[in-house]
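Working notes, structure below.
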Amino acid sequence: MISKKKKMVFLVAGMIVMILAIAAVYQFIAATRAHRTFENYYAFRGCVQLLEKTEAYGTCRTADGATIKIVKYDDEWYLNGDLPNAW
């Protein structure tokens, strides 16, 4: 027979695993949605000022003053230099 203390530990551990799984799924969905359009990725990266935008790339300034370049790759938007790799 399992003691009440062990049951409580399993319950708490299970809840922590569930919370982490939900957070991971949320982050995956948010990142996937961000890559779909320039506007979504602009907001996802925390841009506050658009400096330049073309069909293939855009540059913006973030809230901390950094200037970043967002590029279109394979019909999705990414931070320049942070493109997905095909292994």
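Just so it is clear, the model here is predicted, and its values are computed rather than measured.
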Distance from [X] atom [atom1] to [Y] atom [atom2], nearest 0.5 Å?
X	Y	atom1	atom2	result
Lys53	Thr59	NZ	OG1	11.5 Å
Gln49	Thr62	CD	OG1	10.5 Å
Tyr42	Ile68	OH	CD1	9.5 Å

**OP:** Keeping the roles fixed (side chain from Asn40, backbone from Arg33), state whether a donor-acceptor pair exists under 3.5 Å.
**Re:**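 Here the side-chain-to-backbone pair exists.
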Original post:
Would you say the side chain of Leu51 lies within less than 4.5 Å of the side chain of Thr67, judging by non-hydrogen atoms?
Top reply: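 Side chain of Thr67 against side chain of Leu51, heavy atoms only: contact under 4.5 Å found.
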**OP:** For residues Tyr57 and Glu52, determine if any side-chain heavy atom of one lies less than 4.5 Å from a side-chain heavy atom of the other.
**Re:**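 Tyr57 reaches Glu52 side chain to side chain.
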Original post:
Any salt bridge between Asp82 and Arg45, counting N to O under 4.0 Å?
Top reply: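 Salt bridge: yes.
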Original post:
Tyr78 vs His35 aromatic rings, parallel, tilted or perpendicular, using cut-offs 30° and 60°?
Top reply: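 Plane angle between 30° and 60°, so tilted.
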Subject >> Least distance between heavy atoms, Cys60 atom then Ile70 atom >> reply: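 Looks like SG-CD1, 4.2 Å.
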**OP:** May I ask whether Leu79 and Phe38 are part of the same hydrophobic cluster, defined by side-chain heavy atoms of I, L, V, M, F, W, Y residues being less than 4.5 angstrom apart, directly or through others?
**Re:**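 Yes, because Leu79 and Phe38 connect within a single hydrophobic cluster, where side-chain heavy atoms sit under 4.5 Å apart.
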**OP:** Classify the side-chain pair Tyr41/Glu76 by whether it contains a donor and acceptor separated by less than 3.5 Å.
**Re:**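 There is no such pair between these side chains.
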Which side-chain N or O atoms in residues 7-29 pair as donor and acceptor under 3.5 Å with protein atoms at least two apart or in another chain?
none

